[in-house]
Amino acid sequence: MTAIASNLQAVRSDIARAAHVAQRNADGIMLLAVSKTFSAAAVREAFQAGQRAFGESYAQEALEKIAALRDLAPEWHFIGPIQSNKTRAIAENFVWVHGVDRPRIAERLSAQRPHNLPPLNVCIQVNVSGEGSKSGVAPDEAAELARAVARLPHLRLRGLMAIPAPADDPEAQRKPFARLRELMQRLNAGGLALDTLSMGMSHDLDAAVLEGATIVRVGTAIFGGRDYGENK
Ligand SMILES: *Cc1c(COP(=O)(O)O)cnc(C)c1O
């Protein structure tokens with residue numbers, strides 16, 4: 001077995017263990033393998049080990065990988081910050097976008113989504129840790145953005161995403177995830193029908209699953225440490 005295959009197996013069993021503790025069905029938790037900075041060959045290896053969904057953060061790098069892996073057609077998720085000059089490439093090449101945090105970007109993604117493709121699945125990024133984190137809409141502005149996204153014809157609003165400030169203590173890790181879950185519950189009580197909480201990375205996976213994550217985005221624990229090189 002390759003290193004990536006055995007890492008994938010370990011991450012899947014971590015998810016299963018946390019789901020068991022949370023009395024949740026692990027089938028309701030999608031593992032998104034975050035392949036940013038890693039080669040197309042590494043993605044191919046993970047695909048061959050059964051992994052289907054991959055997350056990318058940099059549009060140009062992602063497009064090259066997507067082209068190199070056309071024969072496999074994995075499910076591509078865009079998880080990085082979205083610049084307006086990249087919305088067309090994102091709308092054309094991805095199935096999910098996790099980091100929508102302003103109406104203008106959502107409008108462009110909807111307008112540029114090819115009409116022969118199903119609507120683009122969207123999560124709204126929420127800043128649940130206050131000053132510490134850079135991107136995401138403030139929690140009290142999420143409802144307005146969510147309603148605007150829900151009205152766009154070529155987007156399908158699925159849920160909320162967060163990248164909390166890093167914390168070591170498991171209890172501290174759970175707090176922002178609980179806040180995101182409660183926010184989704186409030187939005188649903190207000191008439192939306194969100195089914196996705198995109199939260200949890202290599203270091204806080206368990207906390208996220210305990211608080212209801214339905215997509216966990218895991219890079220390092222699958223592919224190893226990243227070398228950003230000239231990329232960022
Ligand atoms: C890089 C990245 C991840 C993966 O982080 P790891 O700590 O490597 O698991 C998850 N989500 C987003 C948005 C990222 O940019």
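For the single chain, residues carry numbers from 1 onward in sequence order. Numbering of ligands and ligand atoms starts at 1, following listing order.
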For this session: May I ask you to decide if T37's main-chain N or O and E61's side chain share a donor-acceptor pair within less than 3.5 Å?
Result: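 Yes, because the side chain of E61 sits within donor-acceptor range (under 3.5 Å) of the backbone of T37.
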Exercise. Once the angle between the rings of W76 and F54 is folded into 0 to 90°, is it parallel (under 30°), tilted (30 to 60°) or perpendicular (over 60°)?
Worked result: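 Ring orientation, 0 to 90° scale: tilted.
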For this session: Report the relative orientation of the aromatic rings in H98 and H77; use parallel for angles under 30°, tilted for 30 to 60°, perpendicular for over 60°.
Result: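 It falls in the tilted class, 30° to 60°.
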Which residue and atom name correspond to the protein heavy atom nearest [atom], and how close is it?
{"atom": "atom 11 (N) of ligand 1", "result": "R217 NE, 2.9 Å"}
{"atom": "atom 5 (O) of ligand 1", "result": "M201 CE, 3.6 Å"}
{"atom": "atom 8 (O) of ligand 1", "result": "T220 OG1, 2.5 Å"}
{"atom": "atom 2 (C) of ligand 1", "result": "K36 NZ, 2.5 Å"}
{"atom": "atom 12 (C) of ligand 1", "result": "I79 CD1, 3.5 Å"}

Counting from 1, what ligand 1 atoms have a heavy atom of [X] closer than 4.0 Å?
{"X": "V218", "answer": "9 (O)"}
{"X": "S57", "answer": "15 (O)"}
{"X": "I163", "answer": "13 (C)"}

Exercise. Do we see a donor-acceptor contact under 3.5 Å between the side chains of S84 and R104?
Worked result: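 No, because no side-chain N or O of S84 sits under 3.5 Å from a partner of the opposite role on R104.
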Problem set entry | Minimum-distance pair of heavy atoms, taken over all atoms of S135 and D101 |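 Smallest interatomic distance, heavy atoms only, reads CB-OD2, 4.0 Å.
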Problem set entry | Structural part of S202 in contact with ligand 1, heavy atom criterion under 4.0 angstrom |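 S202 to ligand 1: contacts from backbone and side chain alike.
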For this session: Determine whether any heavy atom of R226 lies closer than 4.0 Å to an atom of ligand 1.
Result: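 It does; at least one heavy atom falls under 4.0 Å.
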Charged N to carboxylate O under 4.0 angstrom, [X] versus [Y]?
{"X": "E56", "Y": "K36", "answer": "no"}
{"X": "E75", "Y": "R52", "answer": "no"}
{"X": "D169", "Y": "K175", "answer": "no"}

Exercise. If you measure every N/O of G219 against every N/O of ligand 1, is any gap under 3.5 Å?
Worked result: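 For ligand 1, there is an N or O atom that lies under 3.5 Å from one belonging to G219.
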